[in-house]
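Contents: one structure, followed by commentary.
Chain naming here is simple, since letters A, B, ... match the order of the sequence lines and numbering starts at 1 in each.
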Number of protein chains: 2
Amino acid sequence: MAPERPRRADARRNYDQIVAAAEAEIARHGADASLEEIARRAGVGSATLHRHFPSRQALLEAVFHDRVELLCARARELADGPDVGAAFGEWLQAVAVYGATTRGLARSLLGGGGGGGGSGVREPGRPTDSTCEAMLVDAGGELLRRAGDAGAVRPGVSIVDLLTLVNAVSLATEGSPDAAGEATRLVQLALEGVRPH
Amino acid sequence: MAPERPRRADARRNYDQIVAAAEAEIARHGADASLEEIARRAGVGSATLHRHFPSRQALLEAVFHDRVELLCARARELADGPDVGAAFGEWLQAVAVYGATTRGLARSLLGGGGGGGGSGVREPGRPTDSTCEAMLVDAGGELLRRAGDAGAVRPGVSIVDLLTLVNAVSLATEGSPDAAGEATRLVQLALEGVRPH
DNA sequence: TGCAAAATGGGGTGGCACCCCGTTTCACGT
DNA sequence: ACGTGAAACGGGGTGCCACCCCATTTTGCA
């Protein structure tokens, strides 16, 4: 799914221009931004966009790849800190806030489960095989393992479930006036649970 | 937003046929089903559909209204049972499972925050004023209040947050092969929290 | 520099949301 | 029963979009 970097110079140039234009358009109009408009702003034909990115998901992956990598780097930093349990919660909060405030990211990570809507939704359970999600699962999984060893996480909790939950929160709060605050509150709720301690 | 029932006999007949066709199409293709196809299957012109339901959200509300009412009735039943705390958790699970297995419902309840898509997503923060969500907030709020009185729920937890969280889970798991199981697991995780007790 | 392969993009197709406005159907009063 | 005004209808138009075809251009390498 994740497109390889093209080999020829002109192709690489167009690829980069498309990703840059997509980043801007998605920030403006969300994950359902018009692919034609992106191609137009990138100065390429729409066929070129579709050749480089056979699906909307592939384009989203390329747009968010670098930012997701930053989140993963942060996870690795936190894993070496003093209080791994608190660090894990903090990281999940960061992922939630980042997803809630970066239009399109949450959808990209959940494999287009929204749609979009609109038109951003695909029917068949196609193997999304999201590279971005895999990256987060790797980095977050290590952090979770250490937090579990420190006794800060209930056993049986999986990183995939947690990330799904956090991304779901991002998706639900994206577009709200106070997306960051709402996402933080909801993740906090999920981390602490509903019952009294 | 919620459309009033039309007065004239033919209008009422068309209205019902549209809702029935929409229910079938949405079950088949999700919340982003084609409105033209729905009109076609209902045997009406597309203009008639748009006159009765000025937005996709309005149609979704009409389609799911009855089913949501059932969930609310269940909440009222559970509120009179012996163990209100357990009942509350059970009800949230039911909402999550129902949303995860009924295509389009979660999107409808979150006011089209997915969209998916696709064209199922709207940019401006239009006042969704979802009747279905208000119904769930009312019925669930009462249940939450009683569970709180029984000491089964941490103070400061709001029903709106909980329903947002649960609907987010529905949205994220909708379309998965085992949507019900996954939704159940994630809600359970959120109810119990991440830290050990 | 020449040439095969890679890459391009204009334009076509089919589908969609949404709306205009001439036509049909209904409800109500007589 | 029937005429009439208002309500409702729907065919068809507009503009936008995803996605693809294929004649043409650009590139890298020998």
Whole-Å distance separating the CD atom of A:Gln57 from the P atom of D:dC19: 13 Å
B:Arg145 and B:Asp149 ion-paired at < 4.0 Å: yes
A:Ile18 CD1 - C:dT8 P separation (whole Å): 7 Å
Acceptor/donor pairs from residues 150-159 of chain B side chains to any protein atom, 3.5 angstrom cut, sequence neighbours excluded:
unit_1	atom_1	unit_2	atom_2	d
B:Arg154	NE	A:Gly193	O	3.3
B:Arg154	NH1	A:Glu192	OE1	3.2
B:Arg154	NH2	A:Gly193	O	2.4
B:Ser158	OG	B:Val160	N	3.4
B:Ser158	OG	B:Asp161	N	3.0

Candidate nucleotides D:dC9, D:dA18, C:dT8, ranked by approach to the side chain of A:Leu35 - the nearest: D:dA18
Criterion salt bridge (Lys or Arg N to Asp or Glu O under 4.0 Å) on A:Arg185 and A:Asp178, from CA distance to verdict: CA-CA 11 Å; A:Arg185 187 153 32 90; A:Asp178 181 28; 5.7 Å; no
Among D:dC19, D:dA8, D:dG10, the one nearest B:Val44 by side-chain distance: D:dG10
N/O (side chain, A:Asn14) to phosphate O (OP1/OP2, C:dA7) under 4.0 Å: no
Value in whole Å for how far the P atom of D:dA18 lies from CD of A:Glu25: 11 Å
Over 12 foreign heavy atoms within 6.0 Å of CZ, A:Arg12: yes
Selected nucleotide, minimal atom distance to A:Arg40 side chain, candidates D:dC9, D:dC17, C:dT8: D:dC17
Residues A:Glu23 and A:Arg103 bridged, charged N to O under 4.0 Å: no
Base versus backbone protein contacts along nucleotides 19-30 of chain C [heavy-atom cut-off under 4.0 Å; B, S, -]: BB----BSS---
Distance-only donor-acceptor hits, side chain of residues 70-89 of chain A, under 3.5 Å, sequence neighbours excluded:
unit_1	atom_1	unit_2	atom_2	d
A:Arg74	NH1	A:Glu77	OE1	3.3
A:Arg74	NH2	A:Glu90	OE2	3.1
A:Asp80	OD1	A:Arg146	NH1	3.0
A:Asp83	OD1	A:Gly85	N	3.3
A:Asp83	OD1	A:Ala86	N	3.1

